[in-house]
Amino acid sequence: MPRTVIRGGLVITAAEEVHADVLVEGERIVALAATGSSAAQAWTADTEYDATGRYVIPGGVDAHTHMELPFGGTAASDTFETGTRAAAWGGTTTIVDFAVQSVGHSLRDGLDTWHAKAEGNCAIDYGLHMIMSDVTEDTLKEMDILVEEGVTSFKLFMAYPGVFYSDDGRILRAMQRSAGNGGLIMMHAENGIAIDVLVEQALAAGRTDPRYHGEVRRDLLEAEATHRAIQLARVAGAPLYVVHVSAEQAVAELAHARDLGLNVFGETCPQYLYLSTDNLAEYGEDGFEGAKYVCSTPLRPREHQAALWRALRTNDLSVVSTDHCPFCFTGQKELGRGDFSKIPNGLPGVENRMDLLHQAVVDGHISRRRWIELACATPARMFGLYPRKGTISPGADADIVIFDPHERYTMSAATHHMNVDYSAYEGRQVTGRARTVLSRGSAVIEEGEYRGRAGHGTYLPRGTSQYLH
Ligand code: URP
Ligand code: ZN
Ligand code: ZN
């Protein structure tokens, strides 16, 4: 088996920081030893990396991506091939994407379709959640089978009536089922019925610009749905994971639930930490620039950001994922010219997350270990992948990033690797960058060169959430 040694770096996990060399055999980490110790010096290897002055961190785990997602009459512009390659460039070595059940079809149909999209195409390892759009007696039974097979989390939508939406009765039934089978319900918490009324009224009044997307998707309607989801989960006796939290009032609902000791978890995304309604209101050359920032839940006024950062420190929010769902400005976002409700919802970001969160370390929002906890360890634990993923320890997959904490660069569509014609972070300077990335012991990125291949990434059947046992 090929042996690799990474020497001289500061190894950072969620638990500790140590100056250690890391020995990899084949696809696994086999040992750590203090740098300069006789044990480490005795190691021989086929490949050696010098990580002096750098961090050695677990590969990022992005638990919320949508490669190739069909949405609003188009499809997300990153395929599993382009999206996982871009993820690797940004220091992420595992994604958990969402297979979609469409109304009238089985969960199995949706899962098979997503397996066919992903298989043989990924540069890094991947798992799948299941979006349930049609909760029926049959699909409830299928949930049990999927959990057994390693698809252990199910996303339900309180938004998007007529597409992904489930009413409270369906949500309660799915939660009751997950209480029995160990699955985790992931909730898109926005009151879609009320939002659709406000959309209709805005359009009728001629308010058609992208910024109205943010205005009709009111923060109170995120908070109300979050509250309702929590109460439904309590009634069902089920755990709950609320995705892409953006409103301060929704964070308060999560904090209250967690103070009561409930198994309620929250996720936010870099766009809510770094972007705001100011971006949605951008006019640009033709008044439509804000379309680049249309996603749901929407970007909020920047005053909400302090509550998100605080919750990331107190663990009321415990995961940062990207909700990577890119649509090109030209030809895709443009579908909503003259009607913001037709702008496909979603932002690119799978390549940016690790570096943006390191910037949060530089800026003093979180510690280095919390960075790794939020971006690697907790998502791996939450979705049944730990300690294979999310940490650096003997026995773990050798998903390792050599990270230069000093390199400064500017994020831009001109240099990123995501298959999308704009960057949500265009012109933003960050300090720190993933330089070398190993996936199961193989180099995917080496000092700014791509060495990976489509098909290296394998499917990850997952266990149930490790926060529940
Ligand atoms: O705007 C978003 N978030 N698009 C992706 C679908 C979803 O709701 O996560
Ligand atoms: Zn969602
Ligand atoms: Zn999403």
Side-chain angles (χ1 to χ4, degrees), residues 1-7 9 11-15 20-33 39-40 42-51 54-63 65 80-81 83-97 115 118-128 149-150 354 372 375-377 379-381 383-403 434-447 449-463 466:
M1 271 196 282
R3 282 161 63 100
T4 301
V5 181
I6 302 168
R7 295 203 187 271
V11 177
I12 307 172
T13 64
D21 296 359
V22 181
L23 178 63
V24 172
E25 260 178 26
E27 299 195 340
R28 298 280 166 89
I29 296 166
V30 290
L32 279 79
W43 291 341
T44 55
D46 307 284
T47 309
E48 290 215 8
Y49 294 103
D50 179 6
R54 292 176 168 188
Y55 300 157
V56 178
I57 60 172
V61 178
D62 189 341
T65 67
F80 278 88
E81 180 171 351
T84 56
R85 194 165 58 210
W89 275 102
T92 285
T93 53
T94 302
I95 60 163
V96 191
D97 204 88
H115 274 304
E119 205 182 329
N121 292 321
C122 294
I124 55 166
D125 290 350
Y126 61 98
L128 292 171
E149 289 179 10
M354 294 297 286
I372 301 307
C376 311
R381 279 203 172 101
F383 296 107
L385 292 167
Y386 193 89
R388 182 172 172 192
K389 305 294 187 189
T391 193
I392 295 187
S393 65
D397 279 0
D399 288 9
I400 301 173
V401 176
I402 302 176
F403 190 91
R435 293 299 303 167
T436 289
V437 179
L438 306 186
S439 162
R440 285 183 287 104
S442 298
V444 186
I445 307 292
E446 235 173 17
E447 292 300 327
E449 297 290 333
Y450 184 68
R451 307 256 185 253
R453 66 173 174 84
H456 164 81
T458 57
Y459 172 65
L460 299 165
R462 296 178 292 112
Q466 291 156 295

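For the pairing with V56, the side-chain contact (heavy atoms from CB on, under 4.5 Å) check across V401, T436, L32, I6 returns one residue only, I6. For the side chain to side chain donor-acceptor pair (under 3.5 Å) criterion with D399, the lone passing option out of R388, R440, K389 is K389.
Minimum heavy-atom separation, W89 to A434: O-CB, 4.1 Å. Here the shortest heavy-atom pairing between A20 and V11 reads O-CG2, 3.6 Å. When all heavy atoms of T93 and L438 are compared, the pair lying nearest together is CG2-O, 3.6 Å. Nearest heavy atom pair, residue P394 against residue A31, reads CG-CA, 4.3 Å. Minimum heavy-atom separation, I124 to A88: CG2-CB, 4.0 Å. Residues A51 and I402 share a closest heavy-atom pair of CB-CG2, 4.0 Å.
With sequence neighbours excluded, no residue forms a side-chain hydrogen bond (donor to acceptor under 3.5 Å, both in side chains) with S393.
The main-chain N or O of A40 is found under 3.5 Å from a side-chain atom of R7 such that the two form a donor-acceptor pair. In this structure, the side chain of T94 does not engage the main chain of V61 through any donor-acceptor pair within 3.5 Å. Listed for the H456 side chain is a donor-acceptor partner under 3.5 Å among the backbone atoms of S439. Remark: side-chain polar atoms of D97 are not paired, donor with acceptor, to backbone N or O of L128 under 3.5 angstrom.
Side chains of T47 and P2 form no contact here, defined as non-hydrogen atoms less than 4.5 Å apart. Here the side chains of Y126 and L460 are not in contact, with every heavy-atom distance at 4.5 Å or above. Inter-residue side-chain proximity for Y450 and V444 is flagged as met; some heavy-atom pair is nearer than 4.5 Å. Using a 4.5 Å cut-off on side-chain heavy atoms (C-beta onward), R451 and S442 make no contact.
Taking the six-membered ring for Trp and thresholds of 30 and 60 degrees, Y459 and H115 have ring planes more than 60 degrees apart, a perpendicular arrangement.
For the pair R3 and D46, the salt-bridge criterion is not met [side-chain N within less than 4.0 Å of a carboxylate O]. Using a 4.0 Å cut-off between charged side-chain N and carboxylate O, D397 and R28 make a salt bridge.
Between atom CD of residue E449 and atom CZ of residue R435 there is a gap of 9.5 Å, rounded to the nearest 0.5 Å. Of the inter-residue distances, the one linking I95 atom CD1 with D125 atom CG reads 10.0 Å to the nearest 0.5 angstrom. The CG atom of L385 sits 13.0 Å away from the OG1 atom of T391 when rounded to the nearest 0.5 Å.
The neighbour count for E119 CD, taken as heavy atoms of other residues, nucleotides or ligands under 6.0 Å away, does not exceed 12.
Judged by the 6.0 Å and 45° rule, R462 forms no cation-pi pair with F383.
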